[in-house]
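We name chains A, B, ... by the order of the sequence lines, and we start the count at 1 in each one. All values below were derived from every heavy atom in this structure, side-chain atoms included, with hydrogens, water molecules and symmetry-related copies excluded.
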There are 2 protein chains.
Amino acid sequence: MSIKRKTKSLNAILSVFEQREEALSVVDLVDEFKDDMNKTTVYRILERLENEGVIHSFTGSKGLMWYAKCQTCTTHHHHDVHPHFECKDCGKVECLELEIEIPQINNRHIDSASIMLQGQCADCIKK
Amino acid sequence: MSIKRKTKSLNAILSVFEQREEALSVVDLVDEFKDDMNKTTVYRILERLENEGVIHSFTGSKGLMWYAKCQTCTTHHHHDVHPHFECKDCGKVECLELEIEIPQINNRHIDSASIMLQGQCADCIKK
DNA sequence: AAATTAACGCAACTTAGTTGCAAAAATAAT
DNA sequence: ATTATTTTTGCAACTAAGTTGCGTTAATTT
């Protein structure tokens, strides 16, 4: 399934991702647009945008769904497995443009990785 | 909260972890013991065992809770951030006794990491 | 054996995410 | 420009994971 029509709901969500660098949890997005659109719509628009390669999803530390704008993931496949960072203080989640070496181990065949780093962001260290 | 009494429910769950090396999702454990104990009991026993440093929890790729026996995590704090591995074919999840180098980046202060590797396990490669 | 305390069961609840279907809106066709 | 077609949306209902409160049971302690 791909994007056939650029509706105003889709553009509203899209502009949120364009305006900020951080990742967004679906829960926060549903809340942010609760007066403008149904939560089902939010879920479906995010799904479409991911299929188009505009954003990518990942699972946060508490098991919630998060989405972030794609920078390096140019194709529809998002096979760049970049790590994500979560600030323990302010809750902000960001993509890290960083290659983490994933060693091949034992007899296994590892083809992807979800890496979630936790700590303090630059802003919260100062405080 | 710690373990005050070693009841038969607790011993039943404990023996599952002792008998196998793989991690277990809470969902699977609740199902496995559905005739023997309430799901609330399963959740609470797992919580107690984690506080005692017997097992440790992590979030799986689909956002579910998983638990595994502690090998290297000797204290109550589990600060060894070893990666976990999930087989895409058979669904098995395992701890990897492997140190992954987490680089300090930018101005951030990274103190922990959740690393989930995906691929094929040794058994599933053979098939 | 009685009292204390920890563990358990149950039911009800919360929250995230999904599904089916009818209505609305956007695009295409006549 | 109306009509027909297709996509998108809203709504309500649902599933599934995990939590909470409270009364009861069971294990220790005295």
Side-chain angles (χ1 to χ4, degrees), chain A residues 1-17 23-68 76 84 86 91 93 114 116, chain B residues 1-17 23-68 76 84 86 91 93 114 116:
Chain A
M1 224 173 277
S2 61
I3 301 167
K4 300 288 162 64
R5 290 169 199 184
K6 283 217 167 184
T7 61
K8 58 173 181 286
S9 295
L10 188 139
N11 283 321
I13 290 182
L14 202 51
S15 71
V16 172
F17 283 102
L24 290 154
S25 74
V26 181
V27 172
D28 286 341
L29 277 166
V30 166
D31 185 66
E32 191 164 333
F33 289 105
K34 66 173 180 290
D35 298 326
D36 308 307
M37 65 189 93
N38 193 272
K39 71 168 175 174
T40 314
T41 306
V42 177
Y43 277 95
R44 290 197 273 227
I45 287 173
L46 292 170
E47 192 185 5
R48 271 181 271 156
L49 288 172
E50 184 170 32
N51 289 336
E52 282 295 296
V54 181
I55 56 176
H56 63 277
S57 68
F58 56 96
T59 302
S61 63
K62 288 144 207 141
L64 296 190
M65 282 186 89
W66 287 75
Y67 281 92
H76 296 191
H84 293 94
E86 180 182 12
V93 174
S114 315
M116 195 73 204
Chain B
M1 224 174 276
S2 60
I3 301 168
K4 299 288 162 64
R5 291 169 198 182
K6 284 217 167 185
T7 61
K8 57 173 182 286
S9 296
L10 188 137
N11 283 323
I13 289 182
L14 202 51
S15 71
V16 172
F17 283 101
L24 290 154
S25 75
V26 182
V27 172
D28 286 341
L29 277 165
V30 167
D31 185 65
E32 191 164 332
F33 288 104
K34 66 173 180 290
D35 298 326
D36 308 306
M37 66 189 90
N38 192 272
K39 71 167 176 174
T40 313
T41 306
V42 176
Y43 277 96
R44 290 197 273 227
I45 287 173
L46 292 170
E47 191 185 6
R48 271 181 270 154
L49 287 173
E50 183 170 32
N51 289 336
E52 282 296 297
V54 181
I55 56 176
H56 63 276
S57 68
F58 57 96
T59 302
S61 62
K62 288 144 208 141
L64 296 190
M65 283 185 87
W66 287 75
Y67 281 93
H76 295 193
H84 294 94
E86 180 183 11
V93 174
S114 314
M116 195 73 205

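When distances run from any side-chain atom of R44(B) to the nucleotides dT20(D), dC11(D), dT28(D), the shortest one goes to dT20(D). The side chain of V26(B) approaches dG18(D) more closely than any other nucleotide in the set dG18(D), dT9(D), dG9(C). When distances are taken from the side chain of V27(A) to each of dT8(D), dA7(C), dG17(C), the shortest belongs to dG17(C).
For T7(A), no side-chain nitrogen or oxygen approaches OP1 or OP2 of dT7(D) to under 4.0 Å. The side chain of R5(B) contributes no N or O atom lying less than 4.0 Å from OP1 or OP2 of dT29(D).
Here T40(B) lies in heavy-atom contact (under 4.0 Å) with a base.
Using a 4.5 Å cut-off on side-chain heavy atoms (C-beta onward), E32(A) and V42(A) make no contact. Contact of the M37(B) side chain with the R44(B) side chain is not registered, since no non-hydrogen atoms from C-beta on lie closer than 4.5 Å.
Rounded to a whole Å, the CG atom of N51(B) is 15 Å from the C1' atom of dA7(C). For L29(B) and dA17(D), the CG to P distance is 13 Å, given to the nearest whole Å. Nucleotide dT15(C) holds its C1' atom 14 Å from the CG atom of D28(A), rounded to whole Å.
Within residues 58-68 of chain B, no residue approaches DNA chain C, by heavy-atom distance under 4.0 Å. Near DNA chain C, meaning a heavy atom under 4.0 Å away, the residues from residues 31-39 of chain B are D36(B), M37(B), N38(B).
When S57(A), S25(A), S61(A) are each tested for a side-chain contact (heavy atoms from CB on, under 4.5 Å) with W66(A), only one passes: S25(A).
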Stepwise side-chain contact (heavy atoms from CB on, under 4.5 Å) test for S114(A) and T59(A) | CA-CA 8 Å; S114(A) 315; T59(A) 302; over 6 Å; no
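The aromatic rings of Y67(B) and F17(B) sit perpendicular to each other, their planes meeting at more than 60°, with 30° as the lower class boundary.
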